[in-house]
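Note that ligands are numbered from 1 as they come in the structure, with each ligand's atoms numbered from 1 the same way.
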Amino acid sequence: MEQIVVNGSESQVVVDDSNLLQKKISAIRVGGPGKLQVIADFDGTLTKYWIDGCRGQGSHNVVQQEDPEFNDKRQKLYEYYHPLEFDPTIPLDEKTKLMEEWWGKTHALLIEGGVTYNGIQNSVAKARIAFRDGVTELLELLEEKGVPVLIFSAGLADIIEEVLKQKVHRSFKNVRVVSNRMVFDENGHLQSFKGKTIHVLNKNEHALDMAAPLHDHCDDVKGLGDEKYALKKRTNVLLLGDHIGDLGMSNGLDYETRISVGFLNDRVEDSLECYRKAFDILYLNDASMHGVLKLATHLCSTESD
Ligand code: TMP
Ligand code: MG
């Protein structure tokens with residue numbers, strides 16, 4: 001079965017404990033697709049890290065504001081805080097404060113410098129952002145098998161949903177986005193953000209409780225409650241992430257078996273040991289999603305091989 005994971009891209013995949021992985025694969029297959037759910041990070045996981053030799057944009061960086069000076073202000077914050085995000089010498093509590101500061105300042109600038117819903121559509125149309133090859137096929141497979149997908153991101157829900165619309169050209173009834181969601185006034189101007197801010201170091205809290213259906217207006221409380229209940233009964237998880245903090249995305253669930261898949265996009269030498277121990281399967285070199293597609297096909301198949 002290992003070749004299902006590594007097939008065709010052996011130099012790009014690392015499995016630290018293949019016996020453990022085999023056991024997890026068998027357990028998830030026994031449970032069947034009815035017990036499975038997928039929880040995926042967005043930036044750097046579903047999307048490519050490099051596009052034509054340039055860094056792909058994250059969902060925050062895509063936004064072009066009404067007053068362009070505010071794009072520069074946010075870019076300056078990015079240049080200051082992004083290196084701190086990946087600095088292994090900063091203690092976790094200190095780093096959490098820094099990340100709260102970064103997200104707080106950035107969201108305030110987004111409101112102050114003006115963002116419109118139309119502006120978001122235009123920003124996404126011009127953005128350097130692309131899904132990894134195989135992501136659409138993966139979402140299609142999971143939809144066909146009735147497996148829910150939670151996209152859990154510290155980015156911006158409105159951008160993620162617009163990227164899905166523009167780049168995949170269809171919506172998926174099994175996909176939900178949990179991320180920072182904008183509130184627009186009656187003239188289509190950004191007014192505030194909904195609920196608690198999600199940053200890279202608190203992606204472990206109340207994931208399912210924050211879930212809002214794709215393209216919805218969060219009014220369907222009863223429907224959402226039923227859905228959350230159904231999700232909590234799906235106790236086998238395939239988790240996809242590119243950050244150690246992404247492993248916390250399944251903490252709101254009392255899961256039985258979890259297979260975690262990591263994408264190590266940058267500073268490979270610094271982080272390889274830590275990532276290979278943390279994730280069951282680790283992809284290097286901005287790999288495609290084809291390995292995960294094969295794995296998901298196998299997890300959902302009822303054949304006995
Ligand atoms: P993710 O949870 O989907 O990976 O998104 C979080 C990433 O967004 C994180 O790596 C930092 C990045 N980010 C920006 O690129 N620009 C910003 O202004 C902010 C606040 C975060
Ligand atoms: Mg990410």
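For the side chain to side chain contact (heavy atoms under 4.5 Å, CB included) with Ile25, the lone residue among Ile259, Val30, Asp280 that qualifies is Ile259. When the options His107, Glu162, Glu161 are evaluated for a side chain to side chain contact (heavy atoms under 4.5 Å, CB included) with Leu156, the one that passes is His107.
Every protein residue with a heavy atom nearer than 4.0 Å to ligand 1 is included here: Asp41, Phe42, Asp43, His60, Asn61, Tyr78, Glu85, Trp102, Trp103, Thr106, Ser153, Ala154, Gly155, Val200, Lys203.
Cation-pi geometry between Arg170 and Phe172 is met: under 6.0 angstrom from the ring centre, within 45 degrees of the axis. Geometrically, Arg132 engages Phe263 in a cation-pi contact defined by less than 6.0 Å to the ring centre and at most 45° from the axis.
For the Mg ion (ligand 2), protein N/O/S neighbours under 2.8 Å (waters excluded) are Asp41 OD2, Asp43 O, Asp242 OD1.
The residues Asp17 and Lys277 are annotated as not salt-bridged, no charged nitrogen and carboxylate oxygen being separated by less than 4.0 angstrom.
Taking the side-chain hydrogen bond (donor to acceptor under 3.5 Å, both in side chains) definition, one finds that Tyr255 meets it with nothing, sequence neighbours left out.
One distance of note links NZ of Lys23 with CG of Leu21; it measures 11.0 Å at 0.5 Å rounding.
Taking both residues in full, the closest heavy atoms of Asp254 and Thr235 are given as O-CG2, 3.7 Å, listed atom of the first, atom of the second, then distance.
Through direct or indirect side-chain contacts shorter than 4.5 Å among Ile, Leu, Val, Met, Phe, Trp and Tyr, Trp50 is connected to Tyr49.
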